[in-house]
Protein chains: 2
Amino acid sequence: MDRAAEDLTARARIRDAAITLFGERGIEGASIRDIAAEAGVSSGLVRHHFGSKEALRDACDRYAKERMIQIGAELTQDGDLTGLDPLALHPIAFPLQLYLVRSMMDGSETATALFLEGVDAVEAWAAGYGITPKDPRGYAAALAAIKLSVLILRDQVSKALGEDITTPAGYNRIGQALMEVFTIPLLTPEQVEKIRKQEK
Amino acid sequence: MDRAAEDLTARARIRDAAITLFGERGIEGASIRDIAAEAGVSSGLVRHHFGSKEALRDACDRYAKERMIQIGAELTQDGDLTGLDPLALHPIAFPLQLYLVRSMMDGSETATALFLEGVDAVEAWAAGYGITPKDPRGYAAALAAIKLSVLILRDQVSKALGEDITTPAGYNRIGQALMEVFTIPLLTPEQVEKIRKQEK
DNA sequence: GGCTTGACTACACGATCGTGTAGTAGTTTG
DNA sequence: CAAACTACTACACGATCGTGTAGTCAAGCC
């Protein structure tokens with residue numbers, strides 16, 4: 001438990017600790033006792049405030065989703081991002097993203113719904129942007145999954161880069177590498193057609 | 001335990017069952033008793049053959065990695081793929097891939113090493129192909145992670161598509177959607193430069 | 001025939017998990 | 001002032017986990 005957490009209520013500390021530990025180790029990998037220790041309370045208090053592990057997870061799901069939508073809205077509503085420094089945002093948004101991805105992989109309905117909403121948004125954006133893939137839905141789903149891939153494989157990607165991508169600097173680096181993937185055409189349409197026939 | 005498995009030795013059945021269940025549920029999510037039941041043997045026999053859960057996992061890591069390298073070699077060594085029907089290959093290679101990715105995410109050294117080798121291969125391929133990103137290593141790491149993303153998020157992607165991508169047909173569909181991502185430039189270099197400055 | 005060896009099972013162990021229960025201290029409310 | 005409520009802790013419960021131990025059974029070897 002760090003300094004800033006001391007001012008929070010016990011309930012908020014438990015929720016934040018749960019988001020951190022669930023995100024790092026997965027839902028099964030983090031026990032209620034671990035979370036209680038991280039929050040500096042007894043394990044019974046976790047149960048007192050949230051009822052059960054599944055209910056705690058639900059609360060984390062809804063909180064993390066709401067916060068991420070809120071952050072996204074603040075980022076897109078006005079061009080000038082005064083007060084919203086991307087560097088200052090990272091320590092807040094990154095754990096939330098880690099948690100949501102992990103919870104989603106462990107079967108969360110709420111987090112999966114957020115993913116599906118993301119696919120819808122990407123599909124609509126691509127259509128309005130004049131991008132016309134042969135499979136618009138598949139294209140959008142692939143893009144949405146790609147956005148999360150470096151988050152999920154952060155340990156492996158960090159090892160490949162020799163740089164921790166959970167830091168703001170490292171995250172920025174892999175983000176720009178991802179943009180290069182979207183910028184440089186890897187295959188010509190002719191090559192795609194050739195592979196497509198080969199697989200038939 | 002299906003029909004074809006009946007001919008295998010108990011040791012092979014245990015290993016195959018472990019790869020399947022570990023791949024589906026993760027290492028912690030699949031117990032030795034589950035694996036034994038899936039293989040149709042007692043839990044004691046798992047211990048008899050492999051010693052411990054960690055040793056079983058090691059054996060699965062090495063077997064899956066070796067098999068995947070072997071399959072990859074057979075696919076690339078000669079142009080004519082007679083005898084290696086991609087459709088027939090899917091039921092064999094897909095569970096192996098699922099297992100390796102899952103084991104990697106759960107901290108396997110062997111599987112992570114395979115990922116790093118993949119990044120090396122992508123980087124060398126891109127260089128020989130005349131692709132010159134500003135961050136070649138980051139570019140290769142991003143591409144390698146992307147290749148695995150739809151595998152990891154298979155449940156979510158399947159839900160977004162309304163089609164199970166673990167089937168050969170579904171896997172083919174998302175594979176082609178991924179190719180479209182690599183074919184259609186999403187951003188112009190000018191846009192990339194603009195975003196790059198904005199993030200500074 | 002006796003003996004070893006390997007495949008295999010049954011069962012018990014300690015640890016850890018989520019959960020349930022009982023109780024304390026402090027504050028609020030009538 | 002007493003009752004009620006809230007935040008919080010300590011402790012015990014059954015289940016499940018990986019692991020350890022003992023023993024059965026069949027095949028191969030002397």
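Side chains are part of it too, since the values below use all heavy atoms of this structure and drop only hydrogens, waters and symmetry mates.
- The phosphate of D/dC8 (OP1 or OP2) has a side-chain N or O of A/His49 nearer than 4.0 angstrom.
- Counting to the nearest Å, the C1' atom of D/dC17 and the CZ atom of B/Phe22 are 13 Å from each other.
- Across C/dA12, C/dT19, C/dA7, the shortest atom-to-atom separation from the side chain of B/Arg33 is found for C/dA12.
- In summary, B/Arg137 and A/Glu163 do not engage in a salt bridge, as defined by a charged side-chain N under 4.0 Å from a carboxylate O.
- The nucleotide whose nearest atom lies closest to any side-chain atom of A/Ala10 is, among D/dC8, D/dG18, C/dT19, D/dC8.
- Between A/Ser43 and B/Ser43, the residue whose closest nucleotide on DNA chain D is further toward the 5' end is A/Ser43.
- Between the A/Asp106 side chain and the A/Ile27 main chain, a donor and an acceptor come within less than 3.5 Å of each other.
- Within a 6.0 Å sphere centred on CD of A/Glu28, other residues, nucleotides and ligands contribute 12 heavy atoms or fewer.
- Counting heavy atoms from C-beta outward, B/Met104 and A/Leu153 have side chains that approach closer than 4.5 Å.
- When distances are taken from the side chain of A/Ile32 to each of C/dC8, D/dT9, C/dT19, the shortest belongs to C/dT19.
- Counting to the nearest Å, the P atom of D/dC25 and the CG atom of B/Leu45 are 17 Å from each other.
- Of the candidate nucleotides D/dC8, D/dT19, C/dG6, C/dG6 has the atom lying nearest to any side-chain atom of B/His48.
- Listed nucleotides C/dC8, D/dA7, C/dT19 differ in distance to A/Ser52; the shortest reach to its side chain belongs to C/dT19.
- Residue contacts shown for A/Ser31 are limited to sugar-phosphate atoms, with no base heavy atom under 4.0 Å away.
- For A/Val41, counting side-chain heavy atoms from C-beta on, the closest listed nucleotide (C/dT19, D/dT9, D/dA7) is D/dT9.
- Across the protein-nucleic acid pair, A/Ile14 atom CD1 and D/dT9 atom C1' stand 12 Å apart, rounded to whole Å.
- One interatomic measurement links the two molecules: CZ of B/Phe50 to P of C/dC8, which rounds to 11 Å at whole-angstrom precision.
- Across the protein-nucleic acid pair, A/Glu28 atom CD and D/dA15 atom C1' stand 14 Å apart, rounded to whole Å.
- Ranking D/dG18, D/dC17, C/dC8 by closeness to the B/Asp34 side chain, first place goes to D/dC17.
- Atoms CD1 (B/Ile27) and P (D/dG18) sit 11 Å apart, rounded to a whole Å.
- Under a cutoff of 6.0 Å and an axis angle of 45°, A/Arg57 and A/Tyr99 do not form a cation-pi pair.
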